A.B. asks: 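Before we start, here is the structure in question, set down as structure tokens.
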Amino acid sequence: MTEITGRHWLMVAILGLTWGGTFLVIEIALRGITPFWLAAARITLGALFTTAIWQFRGGKLFSAPPAPSNKIALCALGLLSSALPFILLNWGQQYVTSGFAGVSMASVALIVLPLAHFFVPGERLTWRRALGFIIGFVGVGILIGGQAFSSNGAELELFGRIACMSAACCYAFSSILIRRMPKIDPIGMTAVLLIIGAMVVIPLALFVEGLPPLVDRQTLIATAFLGLIPTAAASILRVSVVRSAGPVFMSLVSYQVPVWSVLLGTLFLAEPLPSAMVWALALILCGMGFSQYGALMRLFGRTQPTASVTQHIKRKSL
């Protein structure tokens, strides 16, 4: 069984806040740069930053010579963890409501549950875990409100919705693959994934949008922030959480992101606070707590010691 510690809870809280605040910065950046070039710039800057740290630490990736299947999985991860979801979301959000985009990202947690049950040892799908994630998803739906599934009348709305849900599937599948990789340096893994993503997104941005536009100082600062914090640093943190705590625990972040997005939008953009905010937040927190009941009880010391701890105590008493 994966041991969930206070450090893991802190990391998912940081990720929720970081990615929840990303929408504010993206809104600023898109005033001076096109969507595909923004994605390309984020991934490229993130790749350069993580590669520099990785090489400074010695540049070692796998602890043992990897099997060919591991190399293939790493290439697939490069597409699924950044390149494809960034492209799909940037394209899909042109034709769907922001509410639907938010719900599609929250659905990552529900997609991860059955995948982890079948493909990740120790991540069993229990009724308590499933019910907790469903409660959290309902909370997200209440937070976003009626606009979540309302139509905006766009001609390509159906395809936009498919693109957003496909992006959510990419994040879910990539979490499973990250967990299943053999022993690997998390920073090196993040760097390689972003390098692969950059190799895909840059040519695509050239094909779709032509040469990159000249940007002003504000756009440059916003883009640099997106590349270094929510792309590079948060990707390292994500890999670390998935590798140590599992993809199901990591998926709790998807329920936090809409909450932080709404709160920060209210604080910095003077956006109205939803009237159902308190109820939505209560459901999300209850869902998170219910799905991770065992981990919380172990964290606060309200369960019996594990077998290894009991054996250690017995040895000490002899």
Side-chain angles (χ1 to χ4, degrees), residues 15 18-19 22-23 25-26 29-30 33-55 59 61-62 66 70-93 101 104-105 108 112 163-181 184-212 222-243 247 250 253-254 257:
L15 283 170
T18 301
W19 285 334
T22 298
F23 296 102
V25 187
I26 288 176
L30 285 174
I33 191 171
T34 51
F36 276 44
W37 275 115
L38 176 59
R42 282 183 63 179
I43 295 174
T44 302
L45 284 172
L48 292 173
F49 180 69
T50 52
T51 300
I53 298 175
W54 175 37
Q55 293 302 313
L61 188 58
F62 290 98
N70 296 142
K71 296 179 181 179
I72 295 173
L74 198 60
C75 291
L77 266 173
L79 296 175
L80 293 174
S81 63
S82 59
L84 277 181
F86 277 26
I87 292 168
L88 289 167
L89 279 174
N90 284 346
W91 185 84
Q93 283 185 273
S104 67
M105 289 299 97
V108 171
V112 164
C164 289
M165 290 305 301
S166 298
C169 290
C170 286
Y171 285 127
F173 277 103
S174 65
S175 290
I176 301 298
L177 285 175
I178 288 172
R179 178 66 169 181
R180 289 179 59 88
M181 290 294 286
I184 190 172
D185 179 72
I187 297 178
M189 184 181 191
T190 304
V192 171
L193 298 185
L194 290 174
I195 289 170
I196 295 171
M199 292 171 63
V200 173
V201 176
I202 291 175
L204 190 61
L206 279 169
F207 177 77
V208 175
E209 298 176 343
L211 294 175
T223 304
F225 175 85
L226 289 171
L228 297 178
I229 305 303
T231 303
S235 293
I236 294 173
L237 205 57
R238 179 197 177 209
V239 169
S240 299
V241 172
V242 173
R243 296 286 292 173
M250 172 63 207
V253 174
S254 65
V257 169

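We use all heavy atoms of the structure for the numbers below, so side chains are in, but hydrogens, waters and symmetry mates are not. Just so we're clear, the structure is a prediction, and the values are computed from it rather than from any experiment.
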A.B. asks: Could you tell me if the side chain of Trp54 sits less than 4.5 Å from the side chain of Val192, heavy atoms only?
C.D. replies: yes
A.B. asks: Walk me through whether Leu61 and Leu74 qualify under side chain to side chain contact (heavy atoms under 4.5 Å, CB included).
C.D. replies: CA-CA 11 Å; Leu61 188 58; Leu74 198 60; 3.9 Å; yes
A.B. asks: Roughly how far apart are Met250 CE and Ile176 CD1, rounded to 0.5 Å?
C.D. replies: 12.0 Å
A.B. asks: Minimum heavy-atom separation for Arg238 and Ser81, please, with both atom names.
C.D. replies: NH1-CB, 3.8 Å
A.B. asks: Any side-chain heavy-atom pair from Leu206 and Trp37 closer than 4.5 angstrom?
C.D. replies: yes
A.B. asks: Check whether Thr50 reaches the backbone of Ala47 with its side chain - one donor and one acceptor, N or O, closer than 3.5 Å.
C.D. replies: yes
A.B. asks: Sort and list the pairs that fulfil side chain to side chain donor-acceptor pair (under 3.5 Å) and have at least one residue in residues 193-209, not counting sequence neighbours.
C.D. replies: Thr34-Glu209
A.B. asks: How many angstroms lie between atom CG of Leu15 and atom OG of Ser240, to the nearest 0.5 angstrom?
C.D. replies: 9.5 Å
A.B. asks: I'd like to check the side-chain contact (heavy atoms from CB on, under 4.5 Å) partners of Leu77; sequence neighbours left out, ordered by chain and number.
C.D. replies: Ser174, Leu177, Ile178, Met181, Met189, Leu193
A.B. asks: Shortest non-hydrogen contact from Ala40 to Ile202?
C.D. replies: CB-CG1, 4.1 Å
A.B. asks: Do you know which two heavy atoms are closest between Gly197 and Ile43, and how far apart they sit?
C.D. replies: C-CG2, 3.8 Å
A.B. asks: Could you grab the distance from atom CG of Leu80 to atom OG of Ser175, nearest 0.5 Å is fine?
C.D. replies: 10.0 Å
A.B. asks: Which atoms form the tightest heavy-atom contact between Thr18 and Ala234, and what is the distance?
C.D. replies: CG2-CB, 4.3 Å
A.B. asks: At what distance, to the nearest 0.5 angstrom, does CD1 of Ile195 lie from CE of Met199?
C.D. replies: 9.0 Å
A.B. asks: What closest approach, in Å, do Leu79 and Ile196 show between heavy atoms, and which atom pair accounts for it?
C.D. replies: N-CG2, 4.4 Å
A.B. asks: Drop me the distance from Trp19's CH2 to Thr231's OG1, to the nearest 0.5 angstrom.
C.D. replies: 9.5 Å
A.B. asks: Check for a donor-acceptor pair, side chain of Thr44 on one end and backbone N or O of Ala198 on the other, with a separation under 3.5 Å.
C.D. replies: no
A.B. asks: Rounded to the nearest 0.5 Å, how far does OG1 of Thr190 lie from CZ of Phe49?
C.D. replies: 11.0 Å
A.B. asks: Could you check whether any side-chain heavy atom of Ile87 comes within less than 4.5 Å of a side-chain heavy atom of Phe36, counting everything from C-beta outward?
C.D. replies: yes
A.B. asks: Grab the two heavy atoms, one from Ala167 and one from Leu88, that are nearest each other, plus how far apart they are.
C.D. replies: N-CD1, 3.8 Å
